[in-house]
Participant: 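Following this message is one structure expressed as structure tokens.
Atoms within each ligand, like the ligands themselves, are counted from 1 in listed order.
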Amino acid sequence: MDVVTLERLIDLDAVLSEDEILTRNTVRQFVAEKYLPIIAEHFERHTFPEHVIPELAAMGLLGASIKGYGCAGVNAVTYGLILQELEYGDSGLRSFVSVQGSLAMYAIYRFGSEEQKQYWLPRMARGEVIGCFGLTEPDFGSDPASMRTMAHKDGDAYVLNGSKMWITNAPICHLAVVWAKLEEDHPKAIRGFLVERGTPGFETPTIERKMSLRASPTGEIVLSNCRIPKENLLPGSRGLSSPLACLNQARLGIAWGAIGAARACFDSALAYSRQRIQFGVPIASKQLIQAQLVDMALGIASAQLMNYHFSRLKDQDRLTPYQVSMAKKHSVRVALQVARMARAIHGASGISLEFPPIRHMLNLESVYTYEGTDEIHSLIIGRGLTGFDAF
Ligand code: TGC
Ligand code: FAD
């Protein structure tokens, strides 16, 4: 009997270029050889394997979609495939690359001066400078427009006060992109500021005891009369649309990434169900198990094809924020459902870190919430469909 793999069932390769396949395979090999053997232990210990950063940089994965400034300048499909493979390893690995490239580097690329771009982007692409992106505050997550972090001009400096919460890479960053309202703007507008580690009044306490994204460093950013040179304002940034423009980049990557996690769960569930014997036969021979595997495969196929289509639109400059929300929401929902089903198919073994589903399932709870919660993306799409703002 012919056995068809999930990859052959979808056959995405039929519409990918040779370069896209080559890059995907390179990252896939890196994850299989260098990341999968170490991830469970890092997850358990709540540590991020920083030693992989130079290798990520050497493969051109940091700021990969940026053109120039020492970055690879790959298209949106290639970027998506990269993130999908990284998240096959762990959402923490994909988060690290997303935040570095789509958020911190992209903010500088899009809103920075030429001098800022020339100075920071090549260093960040080489992994010498790690960035983070501080938008969320303790009291304002879904509603960043209401943020309280403020900046005011003082001679040749800006002075920042406030705090950011749940910031990926903050504890290990050398450079934070901080979003704050500028007192001198009328009305006060949200602007981006570059804050370097070592600046007095800049602290990044680690958030401990996370049960999700344990292999990703998450922290606060505390700004107490933090004085930065006036040259550290991102001059092109103005208003909430600036950080949201960065989120458009990152959210599409997250959609791809989540399906990487889903694929890892599917692969594990399929392999387990074929070798696990109950009632004298492999559980994969049972109709209820097959029905679950088919639902998982269909979900993965639908999300992957949606992500592929929207990424091709992005490369033609035709992608809208509504479509980005559709991709993020659909992919993460599918991935969580797949992870939960895969966890259950593993029975008791499914709650052990010996198998990937429980780790991905826990990670995906964060992915469901960050970069716009599932509900916020419903409201974005709903506003588009109905014309009514239900926030
Ligand atoms: P609203 O009035 O809708 O918009 C304000 C201004 O922004 C413009 N705009 C956009 N611009 C670019 N891209 C988009 N997607 C945009 N959506 C809106 C809009 O045109 C307007 O411009 P202007 O010129 O008229 O001022 O704003 P609102 O206050 O009603 O809020 C809208 C809402 C709720 C959708 C937005 O605030 C939102 O997306 N909230 C969710 C917050 C969020 O996603 N935070 C993510 C933090 S970063 C993160 O989670 C990183 S995790 C990374 C990892 O580890 O991988
Ligand atoms: P809230 O906004 O308080 O939402 C609570 C609940 O209310 C949610 O279910 C939400 O959907 C719902 N809700 C809110 N408003 C509405 C509404 N109008 N209608 C209906 N329901 C609503 N942020 C950064 O800036 N940078 C980062 O690097 C970053 N990394 C993160 C890493 C991790 C591991 C996590 C977990 C979060 C990270 N975040 C980051 C923060 C993330 O973006 C926020 O958690 C997210 O935007 C939601 O904000 P909140 O947690 O304050 O939830």
Participant: Which of the atoms of ligand 1 are close to Asn248, meaning less than 4.0 Å from one of its heavy atoms?
Facilitator: 12 (C), 13 (N), 14 (C), 15 (N)
Participant: If only atom types and distance count, is the side chain of Arg359 paired as donor or acceptor with the main-chain N or O of Phe355 below 3.5 Å?
Facilitator: no
Participant: For atom 23 (P) of ligand 1, is there a protein heavy atom at a distance under 4.0 Å?
Facilitator: no
Participant: Just so I know, are the side chains of Lys188 and Glu183 near enough to count as touching, which here means a heavy-atom distance under 4.5 Å?
Facilitator: yes
Participant: Does Thr206 reach the main-chain N or O of Glu208 with its side chain, forming a donor-acceptor pair under 3.5 Å?
Facilitator: no
Participant: Just checking, any donor-acceptor pair under 3.5 angstrom between side chains of Asn307 and Ser331?
Facilitator: yes
Participant: Does the protein place any heavy atom closer than 4.0 Å to atom 29 (O) of ligand 1?
Facilitator: yes
Participant: Before signing off on this row, confirm whether Thr373 and ligand 2 have an N or O atom pair separated by under 3.5 Å.
Facilitator: yes
Participant: Output the distance between atom CZ (Arg276) and atom NE2 (His346), rounded to the nearest 0.5 Å.
Facilitator: 11.0 Å
Participant: Does the side chain of Phe388 come within less than 4.5 Å of Arg383's, by heavy atoms?
Facilitator: no
Participant: Could you verify whether a donor N or O on one side chain and an acceptor N or O on the other, from Ser311 and Tyr79, lie under 3.5 Å apart?
Facilitator: no
Participant: Strictly inside 4.0 angstrom of atom 36 (C) of ligand 2, do you find any protein heavy atom?
Facilitator: yes
Participant: Within the structure, does at least one protein heavy atom fall under 4.0 Å of atom 11 (N) of ligand 1?
Facilitator: yes
Participant: Is atom 26 (O) of ligand 1 less than 4.0 angstrom from some protein heavy atom?
Facilitator: no
Participant: Among Ser378, Pro138, Ser142, which one puts a heavy atom closest to atom 13 (N) of ligand 2?
Facilitator: Ser142
Participant: What atoms of ligand 2 come closer than 4.0 angstrom to any heavy atom of Phe391?
Facilitator: 18 (N)
Participant: Which ligand 1 atoms does Ile380 reach within 4.0 Å, using its non-hydrogen atoms?
Facilitator: 35 (C)
Participant: Between Leu135 and ligand 2, does any nitrogen or oxygen pair lie at a separation below 3.5 Å?
Facilitator: yes
Participant: Using a 4.0 Å heavy-atom cut-off, say whether Asp389 meets ligand 1 through its side chain, its backbone, both or neither.
Facilitator: neither
Participant: Indicate yes or no: does an N/O atom of Phe133 lie under 3.5 Å from an N/O atom of ligand 2?
Facilitator: yes
Participant: Determine whether the side chain, the backbone, both or neither of Val99 has a heavy atom under 4.0 Å from any heavy atom of ligand 1.
Facilitator: side chain
Participant: Which of the atoms in ligand 2, numbered in the order shown and given with their element, are less than 4.0 Å from a heavy-atom of Glu371?
Facilitator: 43 (O)
Participant: With rounding to the nearest 0.5 angstrom, report the NZ to CG distance, Lys314 to Asn248.
Facilitator: 8.0 Å
Participant: Determine, using the 4.5 Å side-chain heavy-atom cutoff (strictly less than), whether Val77 and Ile21 are members of one ILVMFWY cluster.
Facilitator: yes
Participant: Looking only at the side chains, is there a donor atom on one of Gln249 and Ser65 sitting less than 3.5 Å from an acceptor on the other?
Facilitator: no
Participant: May I ask you to identify, for Leu247, whether its side chain, its backbone, both or neither come under 4.0 Å of ligand 1 on a heavy-atom basis?
Facilitator: side chain
Participant: Checking a contact table here: which protein heavy atom is nearest atom 31 (O) of ligand 1, and how many Å away?
Facilitator: Leu240 CD2, 4.1 Å
Participant: Quick one: does ligand 1 sit under 4.0 Å from the side chain of Leu244, the backbone, both or neither, non-hydrogen atoms only?
Facilitator: both
Participant: Hey, is atom 42 (C) of ligand 2 touched by any protein heavy atom at less than 4.0 Å?
Facilitator: yes
Participant: Please determine whether ring pair (Phe, Tyr, Trp, His ring centres under 6.0 Å) holds for the pair Trp120 and Tyr69, giving the CA-CA distance in whole Å, both sets of side-chain angles, and the decisive distance to 0.1 Å.
Facilitator: CA-CA 9 Å; Trp120 291 112; Tyr69 307 98; over 10 Å; no
Participant: Could you work out, for atom 47 (O) of ligand 2, the closest of Ser98, Ser216, Gly141 by heavy-atom distance?
Facilitator: Gly141
Participant: Return the residue, atom name and 0.1 Å-rounded distance of the protein heavy atom closest to atom 32 (C) of ligand 2.
Facilitator: Thr168 OG1, 3.3 Å
Participant: Out of Glu87, His377, Arg251, Lys164, whose heavy atom sits nearest atom 44 (O) of ligand 1?
Facilitator: Arg251
Participant: Just to confirm, does any protein heavy atom lie below 4.0 Å from atom 18 (N) of ligand 2?
Facilitator: yes
Participant: What do you think, any protein heavy atom under 4.0 angstrom from atom 11 (O) of ligand 2?
Facilitator: yes
Participant: Would you tell me which option among Thr369, Asp374, Leu379 has the nearest heavy-atom contact to atom 46 (C) of ligand 2?
Facilitator: Thr369
Participant: Tell me, do Phe111 and Cys246 make a side-chain contact under 4.5 Å, heavy atoms counted?
Facilitator: yes
Participant: Return yes or no for this condition: an N or O of Asp143 is under 3.5 Å from an N or O of ligand 2.
Facilitator: no
Participant: Between Gln116 and Asn232, do the side chains contain a donor N or O and an acceptor N or O under 3.5 Å apart?
Facilitator: no
Participant: Could you say whether the N/O atoms of Ile167 and ligand 2 ever approach to under 3.5 Å?
Facilitator: no
Participant: Does a side-chain heavy-atom distance below 4.5 Å link Leu293 with Phe266?
Facilitator: yes
Participant: Are the aromatic rings of Trp256 and Tyr308 close, with centres under 6.0 Å apart?
Facilitator: no
Participant: Between ligand 2 and Lys210, is the shortest N or O to N or O distance under 3.5 Å?
Facilitator: no
Participant: Does Ala145 approach ligand 1 within less than 4.0 angstrom via side chain, backbone, both or neither, non-hydrogen atoms only?
Facilitator: side chain
Participant: Starting from atom 16 (C) of ligand 2, which protein heavy atom do you reach first, and at what distance in Å?
Facilitator: Ile376 CD1, 4.3 Å
Participant: Just so I know, are the side chains of Phe30 and Val52 near enough to count as touching, which here means a heavy-atom distance under 4.5 Å?
Facilitator: yes
Participant: If you have a sec, work out which protein heavy atom is nearest atom 21 (N) of ligand 2 and how many Å separate them, to one decimal?
Facilitator: Glu375 CB, 4.2 Å
Participant: Does the protein put any heavy atom within less than 4.0 Å of atom 20 (O) of ligand 1?
Facilitator: no
Participant: Is there at least one pair of N or O atoms, one from Trp166 and one from ligand 2, spaced under 3.5 Å apart?
Facilitator: yes
Participant: Can you tell me how far CZ of Arg214 sits from OG of Ser366, rounded to the nearest 0.5 angstrom?
Facilitator: 11.5 Å
Participant: Does the protein put a heavy atom under 4.0 Å from atom 14 (C) of ligand 1?
Facilitator: yes
Participant: Any side-chain heavy-atom pair from Gln292 and Gln337 closer than 4.5 angstrom?
Facilitator: no
Participant: Identify, for atom 37 (O) of ligand 1, the protein heavy atom at the shortest distance, and state residue, atom and that distance.
Facilitator: Pro144 CD, 3.3 Å
Participant: Nearest to atom 34 (C) of ligand 2, what protein heavy atom do you find, and at what distance?
Facilitator: Leu213 CD1, 3.4 Å
Participant: Which protein heavy atom lies closest to atom 33 (C) of ligand 2, and at what distance to 0.1 Å?
Facilitator: Tyr370 CD2, 3.5 Å
Participant: Should the pair His51 and His42 be assigned to parallel (<30°), tilted (30 to 60°) or perpendicular (>60°) ring geometry?
Facilitator: tilted
Participant: Hey, quick one: are Phe193 and Met147 part of the same hydrophobic cluster, counting side-chain heavy atoms closer than 4.5 Å, chains of contacts allowed?
Facilitator: no
Participant: Hey, is atom 41 (C) of ligand 1 touched by any protein heavy atom at less than 4.0 Å?
Facilitator: yes
Participant: Using a plain distance cutoff, I'd like to know if Thr136 has any nitrogen or oxygen under 3.5 Å from a nitrogen or oxygen of ligand 2.
Facilitator: yes
Participant: Regarding His360 and Ser91, do their side chains bring together a donor and an acceptor under 3.5 Å, going by distance alone?
Facilitator: no
